[in-house]
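Throughout, protein chains are lettered first and strands after them, A, B, ... in sequence-line order, and every chain is numbered starting at 1.
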Protein chains: 2
Amino acid sequence: MATPRSTPSARPYHHGDLRRAIMSAALETIAADGPAALSLRDLARRAGVSHAAPAHHFKDRAGLLTAIAAEGHELLAGALREAEDLREAGVRYVRFAREHPAHFQVMFAPQLLRTGDVELITAQALSDAALRDAVAGVPARDRGVESRLAGVAAWSLAHGFATLLLAHNLDDALGGGEPEEMFREVAATLFRPGAGPDTDTA
Amino acid sequence: MATPRSTPSARPYHHGDLRRAIMSAALETIAADGPAALSLRDLARRAGVSHAAPAHHFKDRAGLLTAIAAEGHELLAGALREAEDLREAGVRYVRFAREHPAHFQVMFAPQLLRTGDVELITAQALSDAALRDAVAGVPARDRGVESRLAGVAAWSLAHGFATLLLAHNLDDALGGGEPEEMFREVAATLFRPGAGPDTDTA
DNA sequence: CTCCCATCTGGTCATTGACAAGTTGCGCGC
DNA sequence: GCGCGCAACTTGTCAATGACCAGATGGGAG
């Protein structure tokens, strides 16, 4: 923010924080129109630098998206760490998807990323661990319920809800209500003993 | 070279079923490398036609993806209709995602589609109805459980599982087992009265 | 003060999506 | 059985883009 970007004429040779500027612009575009709408040259224009400048910070398109994904995993890990129980972790998962839709989309689009990137893998390990801890926080008196299954169940539910939410597939069901509140209700119907809708198939 | 390709007889001016050929090639590419890797010109080359031929059938890139999404909704609706109960519908949802990964990805990527397209909307209505019917099939003796919530819960769980599966986020948890079987177990732990892992928060 | 090198510039090339205008030949009406 | 309309396909073109390269710039370490 220390750069005189508000005065377009007096642009110094060195941007100051181009990496952050490019990332922020990218997040805006992705949140609005998806990763496919990203143009490195457009980001450069918006940051007021030459068309090749972004490459120095991110190498290429995949590099930029990988950096975003890594940042997303760190943010998600931080959010999950603050949750007190599994249900709250789920709520925070959904909230994360709402507040950081661009990060969220990119994090789970491995086709767009450099999956071997060290920073990405490190960050993924963070959010993975946070997820695992959240599941492990549930009293392990779940006789038949393997922790592995419980983890997949909880993750699937939160991830599916968040994904459908961002794709506007829950707009009807929401009817204007707060998504997090609805997720809380949904989780309550499933994760409460003796209250799940029975499939009747024994 | 006016090679007859491998298809029967020399390649006539009229391809015969170019629309289907383009779609099939597109599905291959998307399944392998995602929608972002799609190139209309490459599809044309693979089909042995000129670079502008696809436009006549699909107008543009969004048109092709919209056609794929519509077909996907029809296929999904068909698959769900054959399910006998909600859990089986979930299994079929997951299986659909596995057998038609390209369709699945595109169906839930509204940013790539012409969301106003009539064929798409019609097909969406089909799969929506199939989903609703599957949920409605559950004995409505779910006092506290609104049908709306139960629907969102079931859809979220299946969709999240399928999405994470395709993004290779469940590879570890699966350990080589069949995804559908694991989903069946996951659903069993949640959708069986008194067996869900308790969050302990009242 | 000087020089190193991260940062940024300008240029280039192949590829792509979209559009425009022309060509081919199937099949329908007569 | 025959011409002709129209859908299917063609070639040509243009602006935009990602990636790469050599060079200019200037902040800061020594």
Side-chain angles (χ1 to χ4, degrees), chain A residues 1-5 8-26 29-30 33-68 106 109 111-114 117 119, chain B residues 1-5 7-26 29-30 33-68 106 109 111-114 117:
Chain A
M1 308 296 191
T3 58
R5 274 192 59 228
S9 52
R11 180 165 52 83
Y13 190 91
H14 287 282
H15 179 283
D17 198 0
L18 181 57
R19 184 183 167 92
R20 191 67 248 166
I22 296 281
M23 269 190 142
S24 297
T29 299
I30 296 173
D33 302 321
L38 256 197
S39 154
L40 291 182
R41 291 173 105 105
D42 182 58
L43 295 178
R45 276 190 293 266
R46 286 206 267 158
V49 294
S50 81
H51 63 88
H56 195 271
H57 292 275
F58 303 103
K59 167 71 176 174
D60 58 10
R61 191 189 167 79
L64 169 59
L65 295 173
T66 299
I68 290 176
V106 172
Q111 321 240 6
L112 302 177
L113 309 177
R114 291 203 54 95
D117 182 274
E119 304 233 353
Chain B
M1 61 179 179
T3 62
R5 281 225 154 268
T7 47
S9 70
R11 182 164 62 82
Y13 189 89
H14 289 280
H15 179 284
D17 197 0
L18 181 57
R19 184 183 167 92
R20 192 67 248 166
I22 296 281
M23 269 188 134
S24 298
T29 299
I30 295 172
D33 302 320
L38 256 197
S39 155
L40 291 181
R41 290 174 107 105
D42 181 59
L43 295 178
R45 276 189 293 265
R46 287 205 267 157
V49 294
S50 81
H51 63 87
H56 195 269
H57 292 275
F58 302 103
K59 168 72 175 171
D60 57 11
R61 192 189 165 80
L64 168 58
L65 293 173
T66 299
I68 290 176
V106 172
Q111 318 207 306
L112 303 177
L113 308 177
R114 291 206 48 114
D117 182 274

Colleague: B:Asp42: what forms a side-chain contact (heavy atoms from CB on, under 4.5 Å) with it, not counting sequence neighbours?
Modeller: B:Ser39, B:Arg45, B:Arg46
Colleague: State whether the side chain of B:Thr66 and the backbone N or O of B:Arg114 hold a donor-acceptor pair below 3.5 Å, judged by distance alone.
Modeller: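 The answer is yes, because a donor-acceptor pair under 3.5 Å joins these two groups.
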Colleague: To the nearest Å, how far apart are B:Leu43 CG and C:dT15 P?
Modeller: 16 Å
Colleague: For B:Arg19 and D:dC9, give me the distance from atom CZ to atom C1', rounded to whole Å.
Modeller: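 Value for this atom pair: 16 Å.
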Colleague: Provide, to the nearest angstrom, the distance between the CG atom belonging to A:Asp17 and the P atom belonging to C:dT7.
Modeller: 11 Å
Colleague: Find the distance A:Leu18:CG to D:dG27:P and express it as a whole number of Å.
Modeller: 16 Å
Colleague: Under 3.5 Å for both pairing distances: what stems, at least three Watson-Crick or G-U pairs long, include DNA chain C?
Modeller: C:1-30 with D:1-30
Colleague: Rounded to whole angstrom units, what separation is found between the CD1 atom of A:Ile22 and the P atom of C:dT7?
Modeller: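 From A:Ile22 CD1 to C:dT7 P: 13 Å.
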Colleague: For B:Ala44, check side-chain contact (heavy atoms from CB on, under 4.5 Å) against everything at least two apart and list the hits.
Modeller: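 B:Val49, B:Pro54.
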Colleague: Report, one line per pair, each donor and acceptor closer than 3.5 Å where one atom sits in a side chain of residues 56-65 of chain B; sequence neighbours left out.
Modeller:
{"from": "B:Asp60", "atom 1": "OD1", "to": "B:Ala62", "atom 2": "N", "distance (Å)": "3.4"}
{"from": "B:Asp60", "atom 1": "OD1", "to": "B:Gly63", "atom 2": "N", "distance (Å)": "2.9"}
{"from": "B:Arg61", "atom 1": "NH1", "to": "B:Leu38", "atom 2": "O", "distance (Å)": "2.8"}
{"from": "B:Arg61", "atom 1": "NH2", "to": "B:Pro35", "atom 2": "O", "distance (Å)": "2.9"}

Colleague: Mind listing the N/O atom pairs, protein and nucleotides 16-19 of chain C, below 3.5 Å?
Modeller:
{"from": "C:dT16", "atom 1": "OP2", "to": "B:Arg45", "atom 2": "NH2", "distance (Å)": "3.2"}
{"from": "C:dG17", "atom 1": "OP1", "to": "B:Leu40", "atom 2": "N", "distance (Å)": "3.1"}
{"from": "C:dG17", "atom 1": "OP2", "to": "B:Leu40", "atom 2": "N", "distance (Å)": "3.1"}
{"from": "C:dG17", "atom 1": "OP2", "to": "B:Arg41", "atom 2": "N", "distance (Å)": "3.2"}
{"from": "C:dG17", "atom 1": "N7", "to": "B:Arg41", "atom 2": "NH1", "distance (Å)": "2.4"}
{"from": "C:dG17", "atom 1": "O6", "to": "B:Arg41", "atom 2": "NH1", "distance (Å)": "2.9"}
{"from": "C:dA18", "atom 1": "OP2", "to": "B:Arg61", "atom 2": "N", "distance (Å)": "3.1"}
{"from": "C:dA18", "atom 1": "N6", "to": "B:Arg41", "atom 2": "NH1", "distance (Å)": "3.4"}

Colleague: To check you understand the geometry: which heavy-atom pair defines the closest contact between B:Ala36 and A:Leu112, and what is its length?
Modeller: CB-CD2, 3.7 Å
Colleague: CD of B:Gln111: more than 12 outside heavy atoms within 6.0 angstrom?
Modeller: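 Count over threshold, so yes.
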Colleague: May I ask you to test the B:Asp117-B:Leu113 pair for a side-chain heavy-atom distance under 4.5 Å?
Modeller: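 Side chain of B:Asp117 against side chain of B:Leu113, heavy atoms only: no contact under 4.5 Å found.
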Colleague: How long is the line joining CZ of A:Phe58 and P of D:dC20, in whole Å?
Modeller: 16 Å
Colleague: Considering residues at least two apart in sequence or located in another chain, which fulfil the side-chain contact (heavy atoms from CB on, under 4.5 Å) criterion with A:Ala37?
Modeller: A:Thr29, A:Asp33
Colleague: Check this one for me: any side-chain N or O of B:His56 less than 4.0 Å away from OP1 or OP2 of D:dA8?
Modeller: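 It does, given that an N or O in the side chain of B:His56 lies less than 4.0 Å from OP1 or OP2 of D:dA8.
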